[in-house]
Number of protein chains: 2
Amino acid sequence: MTMSNTAGRRRPPTIHDVARVAGVSRGTVSRVLNGGHHVSPAAQEAVNAAIRKTGYVVNRHARSLITGRSDSIGFLLTEPQEKLFEDPNFNVLLRGCTQALAAHDIPLLLMLAGTEDERRRITRYITAGHVDGVLLVSSHSGDPVAEELREAGVPLVQCGKPMGLGSKVSYVAADDRDGARDMVRHLLSLGRRRIGVVTGPLDTPGGVERLAGYKEVLSEAGVEVDERLVVTGDYSRASGGAGAERLLERAPDMDAVFVASDLMAQGVLTALRRAGRRVPEDVSVGGFDDSPAATESAPALTTIRQPWDRISSEMVRVLLAQIGGDDPAAVILPTVLVRRDST
Amino acid sequence: MTMSNTAGRRRPPTIHDVARVAGVSRGTVSRVLNGGHHVSPAAQEAVNAAIRKTGYVVNRHARSLITGRSDSIGFLLTEPQEKLFEDPNFNVLLRGCTQALAAHDIPLLLMLAGTEDERRRITRYITAGHVDGVLLVSSHSGDPVAEELREAGVPLVQCGKPMGLGSKVSYVAADDRDGARDMVRHLLSLGRRRIGVVTGPLDTPGGVERLAGYKEVLSEAGVEVDERLVVTGDYSRASGGAGAERLLERAPDMDAVFVASDLMAQGVLTALRRAGRRVPEDVSVGGFDDSPAATESAPALTTIRQPWDRISSEMVRVLLAQIGGDDPAAVILPTVLVRRDST
DNA sequence: TTCTCTACTGTGAACGCTCACAAACGCAGG
DNA sequence: CCTGCGTTTGTGAGCGTTCACAGTAGAGAA
């Protein structure tokens, strides 16, 4: 026998209570709640006053039940999470999306699909309409989730250019190729000609595009593209170090390295130091991402900044537009060369 | 008259459809969905088959509307996010909580309350019952959100011991004091006697407790606690470096430092090197957290591991128990000394 | 057989909201 | 004065579930 008076969980006010206090009907309150069209100024004001007085907050479950929308969107991660969660870029992205959505009063559901099991459960959850749309982060190609969601007609925006499917799915990405071009041009402008590259996995758009930009610029500049100067890493620090060792072995005359991520570049710096090469005197090193790692390394990395804040806000914008009925869209954002001490 | 056949967003199956296919009533399907008590094996099987056949997924909005529960949990951040999101510990925590909840099929809503405005909106959202409980991460004391939520009767579990309010609120924390004691004892066992400390902000439990452990062990060992050996940082790398410089200036004979976070310890290492002290020969350095920074620094840090995976799973367990009606509970988890090259 | 008890099953009502519809109310034009 | 029209308002129905309750069947005891 709880007597809910001052404290405790008393039943929250409903639209009915507001209507009674305002002296109008449910319908009018509902109209005010949803934009206030076809409501007289007097009623409008009365309702708003009643809402303030009662502390009314709309029950989203009841609303969703009838509208069919959930007024929430999912942030889906299909990567092995360990790696991604330690990626500072990812954190900026997650935070950016949360804030951009908060501005629309839309909560963000964080979903991790690590195992096959989780993947299935989450796909069911999403396709059942429990979110209105999905922000998808999954760099590797051949991700079955993206395809499933697309087929189910779920509004979807990917972060980074998807490799498999064509232009049927929205995405927001930094201009990887152009960023790579900027960096390699920068290295060329320093007089470097034996420029190595540690690229990312070739089943990721970043890996492919950054390598393509590298080759393009060299060709355009009339510099031979030497396959001995090309190695592949997996974006980890360790793979950067291993890559640098391989490069030095195959091309001891290397005078610069373009590394497809700052984390790998850190590994490259360590390996170079261990091999007795000075940076930037003997070898210039260019990174990619402008992550915190770039300023923490010694020397501080010259790198390519990805506009993560804009990427997140654009992802949200495109997704909301798509939920509103727009067609899928691709957004490519420019990168910026940040010059520091490693070149 | 739509003929929904193969493609398009056809209406998802309802409990009604399942009942029809299974040849039973809504009630029976509902009972199967909710644990299957008082249902005959035959009906049980028929319903499960019908669910598989129709691809039925429960409409959580309808369920929430009547049960009053939302079957979702909020993960609330009231810190200035920049700092926290770059903290590797925090990422482990977020991931751990998401996964622990996923095991219960409960989605996690990520909420950031950076500004005062957001704080208000989110408090309204939560108190309106849109989440069943809240996992709160906010180390600083005097956080008004915690108090508001507690008063509103929202199940709440904090990460780290809350400073303000007493034992009325649940929390899960590593044993900061004991961890600090282990580390200082370890330093003493190496023969060090002039042990400095760079502690965290004194309005955080970590700052206070780790300092307390340090002082306790020194006193117990009969070593004088010299206030010149005590400085305060803010958990940032830079503040660690500044702290080390201050310590060296005030107590040049220092032969060890206990640093309250690995990130600060990195700064300490750099400052010591710059001052010409060798680690660990001249000065032993002990960190706290066992974050990635601990193995990335040179030399690798001896540190105190916080059991973040267990912290997250315990937070979820305690919160679910509290939602189920249990009283608030405090859980203190043991830490582990990880010996590496800096001591 | 008949009664009782238990295990199971079906059925309205309700949750809080939106939507479509109808009613009411001006106000202008014939 | 009536008609027609546009704007504002009220009302009933229904979204898909769960819950309480009533009902049914089958087993065991008398």
Side-chain angles (χ1 to χ4, degrees), chain A residues 9-48 50-51 54-72 105 124-125 127-130 132, chain B residues 2 4 9-48 50-51 54-72 105 124-125 127-130 132:
Chain A
R9 289 275 223 177
R10 67 169 162 290
R11 251 174 75 266
T14 74
I15 202 173
H16 238 118
D17 300 322
V18 175
R20 194 164 25 75
V21 172
V24 299
S25 72
R26 283 171 10 244
T28 301
V29 177
S30 179
R31 276 183 284 265
V32 171
L33 254 34
N34 293 285
H37 301 298
H38 297 288
V39 178
S40 68
Q44 181 94 245
E45 187 38 52
V47 169
N48 282 327
I51 288 175
T54 55
Y56 171 77
V57 178
V58 67
N59 181 326
R60 299 170 94 104
H61 301 304
R63 172 182 285 176
S64 294
L65 182 55
I66 189 157
T67 59
R69 285 173 288 110
S70 70
D71 291 325
S72 66
D105 215 353
R124 278 174 69 93
Y125 183 86
T127 53
H130 293 314
D132 294 337
Chain B
T2 61
S4 49
R9 286 276 223 176
R10 64 170 165 287
R11 254 174 70 265
T14 74
I15 201 173
H16 238 115
D17 300 322
V18 175
R20 193 163 27 76
V21 171
V24 298
S25 71
R26 279 168 17 239
T28 301
V29 177
S30 179
R31 275 184 284 266
V32 171
L33 254 33
N34 294 285
H37 301 299
H38 296 291
V39 178
S40 70
Q44 181 95 244
E45 186 40 51
V47 169
N48 282 327
I51 288 176
T54 55
Y56 171 77
V57 177
V58 67
N59 182 324
R60 300 171 94 107
H61 301 304
R63 173 183 284 174
S64 293
L65 181 56
I66 190 156
T67 61
R69 284 173 289 111
S70 71
D71 291 326
S72 65
D105 216 353
R124 276 174 71 94
Y125 183 86
T127 52
H130 294 314
D132 294 336

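Just so it is clear: chains get the letters A, B, ... in the order the sequence lines come, proteins before strands, and each one is counted from 1. Worth knowing before you read on, the calculation uses all heavy atoms, side chains too, and leaves out hydrogens, waters and symmetry mates. It should be emphasised that the depicted structure is a prediction, and the values quoted were computed from it without experimental measurement.
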Working for side chain to side chain contact (heavy atoms under 4.5 Å, CB included), residues B:T54 and B:R20: CA-CA 11 Å; B:T54 55; B:R20 193 163 27 76; over 6 Å; no

Non-hydrogen atoms of A:A43 and A:T28 that approach each other most closely: CB-CG2, 4.1 Å

Spacing of A:I15 atom CD1 relative to C:dC19 atom C1', expressed in whole Å: 12 Å

Phosphate OP1/OP2 of D:dT17: any B:S30 side-chain N/O under 4.0 Å: no

Closest to the A:T28 side chain, choosing from D:dG10, C:dC17, C:dG10: D:dG10

Interatomic distance, B:R69 CZ vs D:dT17 C1' [rounded to whole Å]: 12 Å

Nearest-Å distance for atom pair NE2/C1', residues B:H37 and D:dC19: 15 Å

Pair B:N48-B:V32, side chain to side chain contact (heavy atoms under 4.5 Å, CB included): steps then yes or no: CA-CA 8 Å; B:N48 282 327; B:V32 171; 3.9 Å; yes

Whole angstrom value for the distance that separates P of D:dG16 from CZ of B:R20: 13 Å

Residues B:I15, B:R63; criterion side chain to side chain contact (heavy atoms under 4.5 Å, CB included); working and verdict: CA-CA 11 Å; B:I15 201 173; B:R63 173 183 284 174; over 6 Å; no

Nearest-nucleotide 5' precedence on DNA chain C, B:S40 against A:L65: B:S40

Separation of atom CG in B:D17 from atom C1' in D:dT17, rounded to whole Å: 13 Å

B:V24, nearest nucleotide to its side chain (from C:dT9, C:dG10, D:dT7): C:dG10

Interatomic distance where NE2 belongs to A:H61 and P belongs to C:dA14 [whole Å]: 21 Å

D:dG10 OP1/OP2 closer than 4.0 Å to side-chain N/O of A:S25: yes

Base D:dG16 paired with B:R11 side chain (donor-acceptor, <3.5 Å): no

Phosphate OP1/OP2 of D:dC15 contacted by B:N59 side-chain N/O (<4.0 Å): no

Sugar-phosphate, base or nothing in reach of B:R31, heavy atoms under 4.0 Å: base

Over all atoms of both residues, closest heavy-atom pair of A:V39 and A:Q44: CG1-N, 3.7 Å

Position toward the 5' end of DNA chain D (nearest nucleotide), A:A43 or B:R63: A:A43

Whole angstrom value for the distance that separates P of C:dC19 from CG of A:N34: 6 Å

Candidates D:dA13, C:dC8, C:dG10 - which lies nearest the side chain of A:R26: D:dA13

Aromatic ring pairing B:H130/B:Y125, orientation class (parallel under 30°, perpendicular over 60°, tilted between): tilted

Degree of bending, the helix from C:dT1-D:dA30 to C:dG30-D:dC1 (end axes from five pairs; round to 10°): 60°

Single hit among B:V47, B:D17, B:L33, B:V21 for side chain to side chain contact (heavy atoms under 4.5 Å, CB included) with B:Y56: B:L33

Sugar-phosphate only, base, or nothing, as touched by A:R60 at under 4.0 Å among non-hydrogen atoms: nothing

Closest contact, heavy atoms only, A:D132 versus A:S70: OD1-N, 2.7 Å

Distance, rounded to the nearest Å, where B:H38 contributes NE2 and C:dG10 contributes P: 15 Å

